[in-house]
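Note on naming: letters A, B, ... go to the chains in the order of the sequence lines (proteins, then strands), and numbering restarts at 1 for each one.
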Amino acid sequence: MIKDNIKIIREGKIKKNKYIVYWMQAAQRVENNPALNYAIQKANEIEVPLFVFFNLTDNFPDANYRHYYFMLEGLKEVEEKLKNKDIKFIIKTGDVTKNITALSKKAVMLVTDRGYLKVIREWKKKIAELIDCRFLMVNTNTIVPVDIVSDKEEYAAYTIRKKVMNKIDRFIDVCNNNYKLENKSVELNFEGVKLDNIDKVINNLDIDISAKPSKFFTGGRSEAVKRLEYFMNNKLIKYEEYGSNPDQDCTSKLSPYLHFGQISPHYIYKRIKKSKIKADSFIEQLVVRRELSFNFIYYNKNYDNSLKNILPDWAYKSLMEHIEDKREFNYSLKDLENYETHDEYWNTAQKEMVLSGYMNGYMRMYWGKKILEWTNNPQKAFDIALYLNNKYLLDGRDPNGYTGVAWIFGKHDRAWKERKIFGKVRYMNKNGLDRKFNMDKYLKKVSKLG
DNA sequence: ATCGGCTCGCGCAA
DNA sequence: TGCGCGAAGCCGAT
C-alpha cells in the first residue's frame with residue numbers, strides 16, 4: 001500500500017478492540033477498492049475481523065429517487081460480492097455522525113474511502129472530533145490523490161496536465177483484487193437494512209421522488225464493466241473523432257458509475273491501456289479533465305455557490321459589465337425544467353436529461369451557455385444550471401458536474417471576443433451545432449426515449 | 001471550405 | 001521579460 005494514497009484523519013493508538021470497520025461511502029464497489037484492500041490487510045495483520053458499513057442517509061443534498069435507486073442497485077451487488085468473500089456488510093439509515101461514532105466504540109480503527117464533496121468532508125471532520133480510535137481514509141476515486149497532483153487550485157487543463165500524467169504510474173497499481181480476510185466472524189448486536197426489495201427500502205426513506213429512476217441505466221459494477229467492454233470493442237477507436245458528437249453514440253457512459261464509485265478509474269485506465277487501442281482523448285477525459293474537476297472542488301470551497309469566488313477575475317468582471325444587457329428571452333425555472341423554450345435543440349437536450357439521466361457532453365455546453373444567455377443574472381443562471389444538473393443527471397452532484405457548470409461561465413477557459421451578455425466569456429450558438437453535427441439525427445434519437 | 005483575429009494569463013525559456 | 005498557447009467557438013473575409 002502506498003503511503004501517499006492514505007490520509008490519516010485522526011491519529012490515535014490502534015486499540016485492542018473487537019473489529020475494524022470499513023465505512024464505505026465514495027467507493028461503492030468490492031473490486032479494485034484500495035480502501036477495502038487496506039482494511040482487509042490491517043484486519044489480517046492485527047488479527048481481528050472486519051465488516052463493511054454503509055450509511056444510507058436520506059438527507060444527502062440534492063439526491064433524489066433517481067440517484068438512490070441507481071445507488072441501491074449498485075449496493076445490492078456489493079452485498080452479494082462481499083458475501084462471497086465472507087465479509088459482513090451492514091447498511092443503516094439515520095444520522096451518519098451518530099452511527100459511525102457508535103460503531104467506533106468497539107473499533108480497532110476506522111477506515112474509509114475518500115470523497116471530495118464538502119458535505120462528505122464535513123461529516124468526517126465532525127466524526128473525527130467525536131471518536132477516539134484511529135481514523136484514516138484511502139484514496140479510491142481518482143487515480144492520483146488530488147493533493148499529490150497539485151498543492152493549489154489550477155488555472156486550466158494545461159496547467160494540471162503534466163502534473164497528473166507524470167504521477168499515474170506511481171498510483172495505478174493500488175487497486176489489486178486478491179486480498180482475503182482471515183478472521184471472518186463478527187458479532188454485531190444489530191441488524192442492517194435488507195436490500196432484497198429496493199422499492200421497499202426507498203419507501204422508508206424521506207426523499208424527493210420527483211425524478212424517477214432511469215430506464216436506461218442500471219446501477220452496479222458488473223453493468224459498468226459490461227459498458228466498458230462494449231465501449232472498447234465498438235466505440236473507442238472512433239472516440240477521438242466522434243466522442244463529443246450528439247448525433248453519434250460514441251461515449252462510454254461510465255460517468256454515473258464513476259460518480260458512485262461503482263467502477264474504479266484505475267481499472268478503466270488499465271483495461272484501456274491493455275487493449276492497445278490508441279485512446280489519448282479518452283485518457284484525457286478520464287484522467288486530466290477528471291482530476292482538474294477534483295482539483296477545483298477540493299481547493300475552491302465555493303464551487304457550488306458564488307460565481308465571484310469561482311471564476312477568474314476577467315470572466316466575472318466581464319459578465320458583470322453586461323449584467324444590464326437586454327436578454328431577448330427570459331425563461332423561468334419551470335419553463336426550462338419542462339423543456340418549453342423556443343429552441344428545439346435546447347429542449348431536446350433538457351428532455352434527454354430528464355428522461356434518461358444523461359446528456360451528451362457537447363450538448364451540456366450548449367445547454368448551459370443558453371441558460372446564461374436567457375437569464376437576467378449570471379449568478380441566477382449558475383444556480384439554475386446546477387439545480388437541473390444535480391436533479392436529473394445520474395452523474396450530477398459530481399466534481400465533474402460542478403466543474404462543467406462553472407466552465408459555462410468561464411472557469412478553466414480563456415477570454416474571447418467581446419459580445420453582448422457574455423462579455424469575453426466563450427459564446428456558443430445553434431449555428432455551431434448545425435455546422436458540425438447532424439442535429440436531426442440527435443432530435444430523432446432523443447424522441448425515441450419516450 | 002478555410003483562415004485569422006478576437007483576448008487573458010499561466011508557465012516556461014531566456 | 002517575452003512568448004506560445006490553451007476543452008469542444010464565432011464571425012467575417014477570402
Chemist: Given atom CZ of A/Arg426 and atom P of B/dT7, what is their separation to the nearest angstrom?
Modeler: 15 Å
Chemist: Which nucleotide in the list C/dA7, C/dC11, C/dG9 gets nearest to the side chain of A/Arg419?
Modeler: C/dC11
Chemist: Angle class for the A/Phe70/A/Phe217 ring planes (parallel below 30°, perpendicular above 60°, tilted otherwise)?
Modeler: perpendicular
Chemist: Considering only side-chain heavy atoms of A/Trp416, which listed nucleotide, C/dA7, B/dC6, C/dC10, is closest?
Modeler: B/dC6
Chemist: Would you indicate whether A/Tyr242, at its atom OH, is surrounded by more than 12 heavy atoms from other residues, nucleotides or ligands within a distance under 6.0 Å?
Modeler: no
Chemist: Rounded off to whole Å, could you give me the CG-to-P distance for the A/Asp413 and C/dC10 pair?
Modeler: 12 Å
Chemist: Using atom P of each nucleotide, how far apart are B/dA14 and C/dC5 to the nearest Å?
Modeler: 14 Å
Chemist: Sticking with atom P, work out how far C/dG12 lies from B/dT7, rounded to a whole angstrom.
Modeler: 15 Å
Chemist: Nearest whole angstrom, please: distance from the P of B/dT2 to the NZ of A/Lys436.
Modeler: 14 Å
Chemist: Under 4.0 Å between a side-chain N/O of A/Lys369 and OP1 or OP2 of C/dG9, yes or no?
Modeler: no
Chemist: Return a single string for nucleotides 8-14 of chain B, one symbol per nucleotide in 5' to 3' order, where B is base contact, S is sugar-phosphate-only contact and - is none, cutoff 4.0 angstrom on heavy atoms.
Modeler: SBBSS--
Chemist: Do any side-chain nitrogens or oxygens of A/Arg435 fall under 4.0 Å of OP1 or OP2 in C/dC11?
Modeler: no
Chemist: Which value, in whole Å, describes the distance between the P atoms of nucleotides B/dG5 and C/dG4?
Modeler: 14 Å
Chemist: When you check the phosphate oxygens OP1 and OP2 of C/dA8, does a side-chain N or O of A/Asn245 lie under 4.0 Å from one of them?
Modeler: no
Chemist: Taking the inter-plane angle between the rings of A/Phe260 and A/His67 on a 0 to 90° scale, is it parallel (under 30°), tilted (30 to 60°) or perpendicular (over 60°)?
Modeler: tilted
Chemist: Could you work out the separation of C/dC3 and C/dA7 based on their C1' atoms and round it to a whole Å?
Modeler: 22 Å
Chemist: Could you state the CD1-P distance from A/Ile283 to C/dA7, rounded to the nearest angstrom?
Modeler: 17 Å
Chemist: Could you check whether A/Ala156 gets within reach of a base, just the sugar-phosphate, or nothing at all, counting any heavy atom under 4.0 Å?
Modeler: nothing
Chemist: Is it the case that A/Asp280 and A/Tyr239 place a side-chain donor and acceptor less than 3.5 Å from each other?
Modeler: no
Chemist: Could you state the NZ-C1' distance from A/Lys411 to C/dG6, rounded to the nearest angstrom?
Modeler: 15 Å
Chemist: Using a 4.0 Å heavy-atom cut-off, does A/Arg289 contact any base of the nucleic acid, only the sugar-phosphate backbone, or nothing at all?
Modeler: base
Chemist: Considering every strand shown, what is the Watson-Crick or G-U wobble mate of C/dA7 when both distances are under 3.5 Å?
Modeler: none
Chemist: Between A/Tyr331 and A/His342, do the side chains contain a donor N or O and an acceptor N or O under 3.5 Å apart?
Modeler: yes
Chemist: Reckon A/Met365 touches a base, only the sugar-phosphate, or nothing at all at heavy-atom distances under 4.0 Å?
Modeler: base
Chemist: Determine, for A/Asp147 against A/Arg114, whether the closest basic-nitrogen to carboxylate-oxygen distance falls under 4.0 angstrom.
Modeler: yes
Chemist: Within the structure shown, what part of the strands sits under 4.0 Å from A/Glu240 by heavy-atom distance: base, sugar-phosphate, or nothing?
Modeler: nothing
Chemist: Rounded off to whole Å, could you give me the CZ-to-P distance for the A/Phe422 and B/dC6 pair?
Modeler: 21 Å
Chemist: Quickly work out the A/His412 NE2 to C/dG9 P distance and round it to whole Å.
Modeler: 19 Å
Chemist: Identify whether the distance between the nearest side-chain nitrogen and carboxylate oxygen of A/Asp395 and A/Arg364 falls below 4.0 Å.
Modeler: yes
Chemist: Can a donor-acceptor pair be found between the side chains of A/Asn55 and A/Thr57 at a distance below 3.5 Å?
Modeler: yes
Chemist: In the structure shown, which nucleotide is the Watson-Crick or G-U wobble counterpart of B/dT7, with both distances under 3.5 Å?
Modeler: none
Chemist: In whole Å, I'd like the distance from the NZ atom of A/Lys430 to the P atom of C/dG9.
Modeler: 17 Å
